[in-house]
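Shown next, in structure tokens, is the structure this report addresses.
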Amino acid sequence: MPEKTYDHQQIELKWHERWSQDPTLYQAEENSARPKYYVLEMLPYPSGALHIGHIRNYSIGDALARYMWMRGYNVLHPMGWDAFGLPAENAAIANQRPPREWTLSNVEKMKRTHSRFAFSYDWDREVTTCEPDYYRWNQWFFLRMLEKGLAYQKQALVNWCNQCATVLANEQVVDGCCWRHDSTPVEQRALEQWFLRTTAYAADLLEDIKQLEGNWPDRVLTMQKNWIGRSEGAEVDFTIQGYGPVRVFTTRVDTIFGATCMILAPEHAIVATLSEDLKAQAKRMVDARANQGPGDVLKDGFDTGLRAVNPFSGETIPIWVGNFVLMGYGTGAIMAVPAHDERDFEFCRKYGIDVVPVIKPVDGDLPDGATMTVANGDYGIVANSGQWSGMTSEDARREMAAHAEREGFGKSAITWRLKDWGVSRQRYWGTPIPVIHCPKCGVVGVPDDQLPVLLPRQVQITGKGRSPLADVPEFVDVPCPKCGEPSKRETDTMDTFVDSSWYFYRYCDAKNSNAPFDPAKIAYWFPIDQYIGGVEHAILHLIYSRFWTKMMRDIGLITNAEPVKKLFTQGMVIANGAKMSKSKGNVVNADLVADEFGADTARLFALFAAPPERDMDWTEAGAEGIYRFLGRVYRFATRNIGTAGGDGSSDAKILRKLHQVLMKVTQDFDSRWHFNTSIAAMMELLNELHAEESKISAAAMAQSIEIVTFLLAPFAPYLAQELWEEQGKSGPVFRQQWPAFDAELARETDVEIPVQINGKLRARVTVPAGLDKDALEAAVRADEKVAAQIEGKTVVKVIAVVDKLVNIVVK
RNA sequence: GCCCGGGUGGCGAAACCGGCAGACGCACCGGACUUAAAAUCCGUUUCCCCGCAAGGGGAGUGCGGGUUCAAGUCCCGCCCCGGGCACCA
């Protein structure tokens with residue numbers, strides 16, 4: 001066949017056209033005899049355009065999906081849209097377009113780009129989270145949680161900007177000020193907010209991390225463990241004269257004889273009983289804390305004048321309020337042991353409070369509290385602590401907690417860092433929370449048969465004030481479902497992390513209008529075999545998803561405890577050495593790349609430039625290199641299809657290389673996913689084919705071209721399909737069986753052995769592969785150059801490693 | 001401060017179990033083809049030294065030590081870059 005020029009536009013258009021006509025092309029089988037494989041990439045926010053970071057994420061997943069198909073699996077590979085969220089509201093304010101319209105038009109645009117990149121998604125299962133057929137199930141789940149006490153309302157502090165007159169998300173607070181008004185400090189306001197009781201699953205979430213070990217990246221699991229933050233210690237009541245007991249949490253009850261004051265969080269209930277003056281001081285502390293960015297924060301506090309009694313020592317100590325004590329952790333009150341805690345030390349030295357050491361280092365003396373300059377937090381031997389003196393810290397912690405429990409002023413206790421999930425957002429573009437506030441019945445869940453609570457379409461979004469829904473009387477004013485009294489509908493909407501917590505279940509049964517999904521379908525497809533996405537979701541999305549799964553299990557919907565068996569976190573994409581960002585204007589647009597080089601080139605380069613877990617640098621020049629490679633493949637294949645062939649003198653060599661590369665690529669898929677080296681191996685193969693071109697027989701050539709086609713199929717689907725057709729074959733190449741490699745054929749017959757003398761490379765000797773140590777040594781010693789090197793010297797030792805190297809140690 | 005990654009040519013990287021450091025690609029330079037250019041093809045390129053040359057010698061994977069016949073890889077002590085967490089009692 002005469003050589004053809006690689007025209008990516010023509011090839012990709014042609015197959016795009018043909019593939020578009022077959023909606024069943026990528027559908028998973030319903031009642032399949034094949035083993036199932038669920039591969040998933042994180043769903044995107046529909047911003048309007050795909051960039052090269054998306055392409056990288058999807059290229060990894062798609063290569064895997066296509067490979068698994070060819071390996072005989074029934075593959076589920078779906079895609080959807082995380083379609084609620086603030087940008088749609090901002091766009092509505094900026095250009096007067098309704099959020100839904102703006103969002104759906106973005107979805108359409110991005111779907112077109114997806115399609116031209118030929119990602120093998122089953123679009124029949126598409127999920128768009130802003131549509132009522134999806135979010136009604138958010139509401140349904142919310143009601144189930146309300147029934148089980150897993151959803152509840154409480155006063156909570158939110159970030160409030162006086163200029164915007166609205167609540168800000170944490171990400172919108174920059175250095176303590178509003179992102180849009182950088183001289184307006186954000187205030188903390190208490191509002192009634194809805195929460196999901198994630199803390200009910202704290203122990204479960206921590207325990208089940210064990211099931212994920214080995215299949216999730218360690219750092220993600222570590223981040224989750226830290227986030228859950230299990231801490232073992234004791235709670236102890238100190239008695240405040242005139243008030244009664246106040247409880248503190250400590251992990252170091254063994255140091256309690258060294259407690260020289262108690263410190264309360266400024267929000268602590270006792271603060272409300274203080275003088276107006278002191279209350280105002282505490283309030284300033286709370287606001288100041290909101291304005292503190294990360295970084296070193298000075299400790300600040302004041303004496304309340306109150307006194308507490310240490311139940312262990314009977315001593316009376318002062319009670320302070322301190323800005324570093326958090327109301328949200330433990331009991332919001334601590335016993336300060338400055339001698340043995342860095343933070344307490346800093347605070348007490350600043351205010352001249354006593355420092356009393358009570359732990360003797362194992363190999364030293366008790367320090368002097370008056371002169372010590374750093375706290376010592378190590379375990380040691382308890383001293384000056386009554387009957388506990390002389391015990392080790394470990395023993396004392398246990399014994400003292402037991403003592404407190406017997407005496408009724410404390411107990412051992414476990415505290416968690418994990419907090420309940422605040423899901424209320426004073427926003428329009430999110431799932432309406434399905435409850436009604438009745439003056440008689442209180443909070444009433446919307447009955448299931450009245451779901452979904454639809455988001456009204458005609459809403460004025462101004463970016464000011466409370467939730468825009470509060471200004472829609474038809475939405476707000478409803479009768480109570482229980483008693484019929486005029487009532488008010490809840491106007492907060494749900495955090496968009498709710499949407500992404502269970503979307504991958506919906507893919508299994510995306511069109512079900514009677515239930516979120518059919519449990520039988522979940523039983524078949526779950527857990528997700530491979531989830532692929534950015535590490536930025538290591539905590540929030542992936543903890544919420546795990547929580548949601550456990551909740552669904554406990555309401556009897558599913559049986560799996562974890563949603564995701566294996567997690568892969570790909571690295572970031574850097575564009576020409578700089579982090580891609582809108583503000584830098586260096587976001588690489590996927591459509592433009594596809595225009596210039598084609599989808600195949602973009603996909604292949606996204607995998608070639610670096611191993612997938614590492615950051616990769618996108619460069620035009622690099623993409624051009626891949627484009628050249630694909631062109632070489634195409635020209636080589638077209639001019640060699642159906643040729644008479646050469647004398648076959650290179651057949652054995654070529655056959656070996658074919659199997660070596662096939663083995664390498666197969667193993668890369670099955671283990672490390674270092675597709676950069678898989679692709680490099682394909683390039684080597686092509687280079688060798690090229691060099692031997694005239695000496696390959698017709699049969700070996702045909703086989704070579706076929707294998708090259710298979711190798712390309714998971715990575716560059718358009719070119720692979722085109723070559724498949726050029727070879728006179730029909731049907732989709734990615735539905736063919738992946739060819740098995742033959743390790744015997746891949747084995748080299750001769751190997752070049754480097755010979756070292758005293759560790760220095762001195763010669764290379766070619767020997768037949770597989771020679772044993774003695775034969776290898778003999779063969780090497782027979783070499784002239786080697787013989788000359790050891791001439792006249794004493795051979796002390798010879799290290800011969802089969803097929804690798806020989807090192808001769810001489811004197 | 002703590003916890004993870006990472007540091008290898010001009011650049012992206014490879015070397016998977018301790019065994020030839022730099023595969024593959026980019027860029028550069030040189031050559032072929034061309035009236036010319038593009039495209040394509042072939043070749044050179046870690047550094048230093050000796051040699052007209054074929055060739056030969058030495059150094060080299062952030063820094064300093066160590067283990068070993070042999071270290072990019074293992075151990076000890078540092079430095080730098082990126083990310084995450086950050087008063088969690």
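By convention in this document, chain letters (A, B, ...) are assigned in the order of the sequence lines, proteins followed by strands, and residues within each chain are numbered from 1.
For B:G72, the glycosidic angle deviates from 0 by more than 90°, giving an anti base. Syn is the glycosidic conformation of B:C17, whose angle stays within 90° of 0.
Between A:F675 and A:F669, the angle of the ring planes lies from 30° to 60°, which puts this pair in the tilted group. Ring planes of A:Y634 and A:Y6: tilted class, angle from 30 to 60°.
Here A:K793 contributes atom NZ and A:N758 contributes atom CG; the two are 8.0 Å apart, rounded to the nearest 0.5 Å. In this structure, OG on A:S393 lies 9.0 Å from CG on A:D378, to the nearest 0.5 angstrom. A distance of 6.5 Å separates CZ in A:F249 from OG1 in A:T251, rounded to the nearest 0.5 Å. Of the inter-residue distances, the one linking A:E315 atom CD with A:F257 atom CZ reads 8.5 Å to the nearest 0.5 angstrom. Taken from CD in A:Q667 to CG in A:L662, the straight-line distance is 10.0 Å, to the nearest 0.5 Å. The CG atom of A:L540 sits 8.0 Å away from the CD1 atom of A:I543 when rounded to the nearest 0.5 Å.
Put simply, A:N687 has a side-chain N or O that comes within less than 4.0 Å of OP1 or OP2 on B:G25. Taking side-chain N and O atoms only, A:K785 has no distance below 4.0 Å to OP1 or OP2 of B:G55. For A:N323 and B:C87, the shortest distance from a side-chain N or O to OP1 or OP2 is not below 4.0 Å.
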Nucleotides 5-11 of chain B: which of its N/O atoms have a protein N/O under 3.5 Å away?
none

Check the interface with nucleotides 15-18 of chain B: list each N/O to N/O pair with the protein under 3.5 Å, or write none.
| from | atom 1 | to | atom 2 | distance (Å) |
| --- | --- | --- | --- | --- |
| B:A15 | OP1 | A:R672 | NH2 | 2.7 |

Tabulate atom names and distances for all N/O pairs under 3.5 angstrom spanning the protein and nucleotides 69-74 of chain B.
| from | atom 1 | to | atom 2 | distance (Å) |
| --- | --- | --- | --- | --- |
| B:C69 | O2' | A:N807 | ND2 | 3.2 |
| B:C69 | O2 | A:N807 | ND2 | 2.6 |

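Separation of the P atoms belonging to B:A23 and B:U44 is 11 Å when rounded to the nearest angstrom. B:G19 and B:C24 have their C1' atoms separated by 22 Å, given to the nearest Å. Taking atom C1' in both B:C52 and B:U61, the straight-line distance is 35 Å, to the nearest Å. Separation of the C1' atoms belonging to B:C16 and B:C74 is 16 Å when rounded to the nearest angstrom. Using P as the reference atom, B:G31 and B:A37 are 12 Å apart when rounded to the nearest Å. For the C1' atoms, the distance linking B:A71 with B:G18 amounts to 6 Å, nearest Å. With both ends at atom C1', the span from B:A59 to B:A21 equals 13 Å, rounded to whole Å. Across the P atoms, B:C81 and B:C87 are found 24 Å apart, a figure rounded to whole Å.
The partner of B:A71, taking Watson-Crick or G-U wobble pairs whose two distances both stay under 3.5 Å, does not exist in any strand shown. Pairing of B:C85, defined by two Watson-Crick or G-U wobble distances under 3.5 Å, is identified with B:G1.
Of the candidates B:C87, B:G58, B:G12, B:G58 carries the atom nearest the A:R762 side chain, counting heavy atoms from C-beta on. Set against B:C24, B:G57, B:A89, the side chain of A:V325 has B:A89 as its closest nucleotide. Closest to the A:L326 side chain, of the nucleotides B:G12, B:G57, B:A89, is B:A89.
Between A:F347 and A:W320, the distance from one ring center to the other falls under 6.0 angstrom.
A:F741 meets the ring-ring contact (aromatic ring centres under 6.0 Å, His included) test with no other residue; sequence neighbours excluded.
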Contact string for nucleotides 36-48 of chain B, one letter per nucleotide 5' to 3', B = base within protein heavy-atom range under 4.0 Å, S = sugar-phosphate only, - = neither, reads ----SS-------

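With A:E748 as reference, A:R656 is the one residue of A:K653, A:R656, A:K657 to meet the salt bridge (charged side-chain N to carboxylate O under 4.0 Å, His left out) rule. Among A:W618, A:F715, A:F629, A:Y627, the single residue meeting the ring-ring contact (aromatic ring centres under 6.0 Å, His included) criterion with A:F605 is A:W618.
Computed from coordinates, the A:M683 CE to B:A14 P distance equals 14 Å when rounded to whole Å.
With hydrogens and angles left out, the side-chain atoms of A:T766 and A:D750 include no donor and acceptor closer than 3.5 Å.
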With a 3.5 Å cut-off and sequence neighbours excluded, list the donor-acceptor pairs that the side chains of residues 797-805 of chain A form with protein atoms.
| from | atom 1 | to | atom 2 | distance (Å) |
| --- | --- | --- | --- | --- |
| A:D803 | OD1 | A:G770 | N | 2.8 |
| A:D803 | OD2 | A:G770 | N | 3.4 |

